[in-house]
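The structure appears below as structure tokens.
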Number of protein chains: 2
Amino acid sequence: MTDELLRALADPTRARIVELLTVEQLCVCHLVAETGATSSNLSNHLRLLRSVGAVEAEPAGRYTYYRLRPEVLEAVSAHYAALASRSRLALAVKRPCD
Amino acid sequence: MTDELLRALADPTRARIVELLTVEQLCVCHLVAETGATSSNLSNHLRLLRSVGAVEAEPAGRYTYYRLRPEVLEAVSAHYAALASRSRLALAVKRPCD
DNA sequence: CGGTGATGTCAGCACGCGCTGATCAAACGT
DNA sequence: ACGTTTGATCAGCGCGTGCTGACATCACCG
């Protein structure tokens, strides 16, 4: 669970991209239409999402389809679930301040 | 599930704070010792974490103890779990590009 | 083969944001 | 009461990073 992955998913524009991709696979032109962002802007965001393994690209002729990698999202979910679980136990412990 | 909450948790320093607080409740002086950051730096981070509801502060005389709010972490986990679940179905759908 | 449209890349700019240092308030110990 | 310590707040600085615009590339179509 790298910080880079969490930071990549926490950006508003990229979070929007991820949300759109949870419905169906989309090519960049769809994302341009849905988000209103420029193609170069989206291309930069998609490159970052690729670099952290959150999405993968499938060139299809002139277009490029993007899809999510569910395992990665599942890993993020598990990460926060573990933090939540441990934090429940932590409420019972208080380190003395001396 | 606000973007602000996700962004707050994605910052490396704040992620470290959260991780430390999953073990036990700590006051700011402990966090200073554990992270090596300055108290004003930590105070700023803690204020942001408070503003998004991730932690709560309990003044105890001269000290201030901080603890996580497990429900919030659980909500974040559930958020990503839902994305992961939906994304699995999305792999079977591909919007035509015309 | 040119023309067009889809996508990627990069340099440059601007804004956001994290870090610092100074200051202040409150609480404890002497 | 006074000094010390904890912690919060704020202004200012600097760096990271997202956005843009121009250019390059590749695939399709006439």
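Only heavy atoms go into these numbers, but all of them, side chains included; no hydrogens, no water, no symmetry mates. Note on naming: letters A, B, ... go to the chains in the order of the sequence lines (proteins, then strands), and numbering restarts at 1 for each one.
Applying the side-chain hydrogen bond (donor to acceptor under 3.5 Å, both in side chains) test to every pair with at least one member in residues 85-97 of chain A, sequence neighbours left out, gives these pairs: R86(A)-T22(B), R88(A)-E74(B), K94(A)-E58(B), R95(A)-E24(B), R95(A)-E34(B).
Looking at S77(B), its side chain does come within 3.5 Å of a backbone N or O of S77(A) through a donor-acceptor pair. No donor-acceptor pair closer than 3.5 Å links the side chain of R50(B) to the backbone N or O of V55(B).
Dashed line: the shortest gap from a side-chain N or O of S39(A) to OP1 or OP2 of dT7(C) is not under 4.0 Å.
R47(A) places its CZ atom 12 Å from the C1' atom of dT7(C), with the value rounded to the nearest Å. Between the CG atom of L48(B) and the P atom of dC17(C) there is a distance of 9 Å, given to the nearest Å. What separates NE2 of H45(A) from P of dT9(C) is a distance of 15 Å, to the nearest Å. For the pair L49(A) CG and dG8(C) P, the computed distance is 12 Å after rounding to whole Å.
In this structure, CG on L5(B) lies 5.5 Å from CE on M1(B), to the nearest 0.5 angstrom. How far SG of C27(B) is from OH of Y66(B): 10.5 Å, rounded to the nearest 0.5 Å. A distance of 9.5 Å separates OG1 in T2(B) from NE2 in H79(B), rounded to the nearest 0.5 Å. Of the inter-residue distances, the one linking L68(B) atom CG with E19(B) atom CD reads 10.5 Å to the nearest 0.5 angstrom. Between atom CG of residue L46(A) and atom OG1 of residue T64(A) there is a gap of 9.5 Å, rounded to the nearest 0.5 Å. Separation of atoms CG (L91(A)) and CD (Q25(B)) is listed at 6.0 Å; rounding is to 0.5 Å.
Between P59(B) and Y65(B), the closest side-chain pair of non-hydrogen atoms is not below 4.5 Å. Inter-residue side-chain proximity for R14(B) and L9(B) is flagged as unmet; no heavy-atom pair is nearer than 4.5 Å. Residues V72(B) and V52(B) fail the side-chain proximity criterion, which asks for heavy atoms closer than 4.5 Å.
Side-chain atoms of R62(B) lie closest to dA27(C) of the nucleotides dA27(C), dG5(C), dT9(C).
Of the residues in residues 24-33 of chain A, C27(A), V28(A), C29(A) come within less than 4.0 Å of DNA chain C through at least one heavy atom, sorted by number.
Note on Y66(A): only backbone sugar-phosphate atoms sit closer than 4.0 angstrom, heavy atoms only; bases stay farther off. The residue S40(A) sits close to a base: some heavy atom pair falls under 4.0 Å. When heavy atoms are screened at a 4.0 angstrom cut-off, T64(A) is found touching the sugar-phosphate backbone but no base atom.
Terminal axes of the helix from dC1(C)-dG30(D) to dT30(C)-dA1(D) (five pairs each, C1' rotation axis) are separated by 20°, to the nearest 10°.
Heavy-atom distances to DNA chain C give each of T13(B) and C97(B) a nearest nucleotide, and the one nearer the 5′ end belongs to C97(B). Comparing G61(A) and T38(A) along DNA chain D, the residue whose closest nucleotide (by nearest heavy atom) sits nearer the 5' end is T38(A). Annotation: of the two residues near DNA chain C, Y63(A) and D11(B), the 5′-most nearest-nucleotide partner is Y63(A).
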Exercise. Just do the side chain to side chain contact (heavy atoms under 4.5 Å, CB included) check on R7(B) and D11(A) with the steps written out, would you?
Key: CA-CA 7 Å; R7(B) 291 180 70 85; D11(A) 175 81; 3.9 Å; yes
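For DNA chain D, the contact window with chain A, defined by any atom under 4.0 Å from a protein heavy atom, covers dT17(D) to dC28(D) in 5' to 3' order.
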Between protein and nucleic acid, restricted to nucleotides 11-16 of chain C and to nitrogen or oxygen atoms under 3.5 Å apart, what atom pairs and distances do you find?
none

With a 3.5 Å cut-off and sequence neighbours excluded, list the donor-acceptor pairs that the side chains of residues 35-42 of chain B form with protein atoms.
residue : atom : partner : partner atom : Å
T35(B)  : OG1  : L31(B)  : O            : 2.7
T35(B)  : OG1  : A37(B)  : N            : 3.2
T38(B)  : OG1  : N41(B)  : N            : 3.2
N41(B)  : OD1  : H45(B)  : NE2          : 3.2

